[in-house]
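What you see below is based on every heavy atom in this structure, not just the backbone, and it leaves out hydrogens, waters and symmetry mates. Here is the naming used below: chain letters follow the sequence lines, and residue numbers restart at 1 for every chain.
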Protein chains: 2
Amino acid sequence: MEKQFHPNISVDCVIFGFDFKKLNVILVERNVHDPVNGAKQISDLTLTGNHVYFDEKLEDAAKRILFNLTGLSGIYLEQFFTTGDPERLKSVKDQVWLQKIGKDPRERVVSVCYFSLLNCDEITLKMGNRKIGWYSVKEAKNLAFDHGTILGNAIKALQTKLLYEPIGFEMLPEKFTLTQLQKLYEVVFDVEFDKRNFRKKVSKMNYLVPLDEKQKGVSHKPARYYTFSRELYEKNSSAMFNFSI
Amino acid sequence: MEKQFHPNISVDCVIFGFDFKKLNVILVERNVHDPVNGAKQISDLTLTGNHVYFDEKLEDAAKRILFNLTGLSGIYLEQFFTTGDPERLKSVKDQVWLQKIGKDPRERVVSVCYFSLLNCDEITLKMGNRKIGWYSVKEAKNLAFDHGTILGNAIKALQTKLLYEPIGFEMLPEKFTLTQLQKLYEVVFDVEFDKRNFRKKVSKMNYLVPLDEKQKGVSHKPARYYTFSRELYEKNSSAMFNFSI
DNA sequence: ACAAAAAAGTGTGATAGATACACTATCATT
DNA sequence: AATGATAGTGTATCTATCACACTTTTTTGT
């Protein structure tokens, strides 16, 4: 027996990535062409999401979406918001689209939203026949459905979480430089920090471990690599992570 | 035509209240007696909640629940969590209960959870034939369904929110003393503050307005009343609320 | 080999916020 | 008039934050 999707329950994933320059999010193209003259009826972007199977946990559905997209498991995942008002899929465009992909456009769908964190460079994305890719969050405008609202909430949730917990490292490679770490905080909060003060601050975080290894092949003084030790972090749980800005 | 509940979508409300001594939450008794010998089969407590109507927004359902309970509208309300795993209502007790109240126990129900804030003393609670009342959050153990998890998440959400936004006042009367405000923060975070340092801190919040009015009928030096001015708070939005502890 | 370009890396002084700590003032009750 | 209860207040130390500029190390181009 084929697994069945629940018609009323879906999961959307806001997948953030950092490319050392800006904060990005994975979006998927949504295109509908007029069957007669071939003109574009809809051409915009959606978050990644899917309905849940009848016997599937919400978080497992989010993991499934992430795995199908990236081939990775164990990705950082956090539920942050749920949208489910009766009219959220009722715009003309959205109704046309739902028809096209074979969903009943009359159904009310509650979508439980998760954000997750990736290092942009470490993955290749794939998804059937729709184009998928990284987009700067600053340029991600006019999304389909209520996905603009979801993305806005996701960014706020990411900021709040980043103040209290050391999750920024999820968007960096295993080894990273302090400048990269600083840039990460700068793009998430849309501020700039003074280099010396930033380093003074993170130098108190003893779970940020300097390595005996430096950048190679850069045309300037190579920076030292650091790594995040979750073990050390959890040991000194008294030394709460607090990244007030 | 009678309004119909959506069988798969519900809302639960975690209603916090402060009685100047401890943090409380509204809970409802859930009793089932054996139809033959009258012995108690189930006797525990649930949060307040209900399914949403087909054409009802999630937040409107939460407002409806609050209004039916307290007769009040305009109560502070914040979505914080959604629970919807397939087995969340599948324990024997929960299945018996769902049968009793006329729900299909096989349906999967996603519950979108809101917390709201009240001043305990200002309301009288009512709800059909089930007993309802305030319970100390510290004593709220062994709740029905997955309501223990929901309550735990609600407390964390309340703490996080309370660090960033001036919502504590929602749990106080219009006029309150600084000692009452201090006690509120102490019970929510389960810490103790030094009186002088606490007052030094809040004295910088110019939206906390001292009144020309003091406590009456207390058998000790009467305390000055203060009030929270949302207007002043929003004017000086640059002076971000930040209650780091 | 040398100069230029690019980012890494480093210290100090000033200000603001956090912490620890103890006594006096004012009311009601007896 | 004395007691009990809570309100209300100041100072000294420590820690964190902020503003700010120059030297070091590497590659690249000549």
#### Entry: Interatomic distance, A/R224 CZ vs C/dA7 C1' [rounded to whole Å]
16 Å
### Message
Tell me the interatomic distance from B/Q180, atom CD, to D/dA7, atom C1', rounded to whole angstroms.
### Response
12 Å
### Message
Base, sugar-phosphate or nothing for B/T179? Non-hydrogen atoms, less than 4.0 Å.
### Response
sugar-phosphate
### Message
Please report the interatomic distance CD1(B/I15) to CD1(B/I26), rounded to the nearest 0.5 Å.
### Response
4.0 Å
### Query
CG of B/L178 versus C1' of D/dT9: gap in Å, rounded?
12 Å
### Query
With sequence neighbours excluded, what pairs up with B/R196 under the salt bridge (charged side-chain N to carboxylate O under 4.0 Å, His left out) test?
none
### Query
Can you list every pair that meets salt bridge (Lys or Arg N to Asp or Glu O under 4.0 Å) and has a residue in residues 57-71 of chain A, with sequence neighbours left out?
A/E56-A/R64, A/E59-A/K63
#### Entry: Atom-to-atom span, CZ of A/F198 to C1' of D/dA16 - whole angstrom
16 Å
### B/K201 NZ to D/dA16 C1', straight-line distance once rounded to whole Å
13 Å
### Summary
Hits for salt bridge (charged side-chain N to carboxylate O under 4.0 Å, His left out) against A/K138, two or more places apart or cross-chain, chain-then-number order -> A/D190
### Query
Any donor-acceptor pair under 3.5 Å linking the side chain of B/Q79 with the backbone of B/V112?
no
## Note on the structure
Applying salt bridge (charged side-chain N to carboxylate O under 4.0 Å, His left out) to A/K175 and not counting sequence neighbours gives A/E213
### Task
Measure from CD on A/Q215 to C1' on C/dG9 and round the result to the nearest Å.
13 Å
Could you run down the sub-3.5 Å N/O contacts of the protein with nucleotides 10-16 of chain C?
residue: C/dT12; atom: O4; partner: A/K200; partner atom: NZ; Å: 2.8

### Task
Only pairs at least two apart or in different chains count here, so list each side-chain hydrogen bond (donor to acceptor under 3.5 Å, both in side chains) that has a residue in residues 139-158 of chain B.
B/T83-B/D146, B/R88-B/D146
### Task
Scan for salt bridge (Lys or Arg N to Asp or Glu O under 4.0 Å) pairs involving residues 19-30 of chain B, sequence neighbours excluded, and state none if there are none.
B/D19-B/K22, B/R30-B/D44, B/R30-B/D94
### Task
Could you check how far OH of B/Y225 sits from C1' of D/dG8, rounded to whole Å?
16 Å
Expected rows: protein N/O vs nucleotides 25-30 of chain C N/O, under 3.5 Å:
residue: C/dT26; atom: O2; partner: B/K221; partner atom: N; Å: 3.0
residue: C/dC27; atom: O2; partner: B/H220; partner atom: N; Å: 3.4

### Separation of D/dT28 C1' from A/K216 NZ (nearest whole Å)
20 Å
### Message
Taking side-chain hydrogen bond (donor to acceptor under 3.5 Å, both in side chains) as the cut-off, I'd like each qualifying pair that reaches into residues 218-229 of chain B, sequence neighbours left out, listed once.
### Response
none
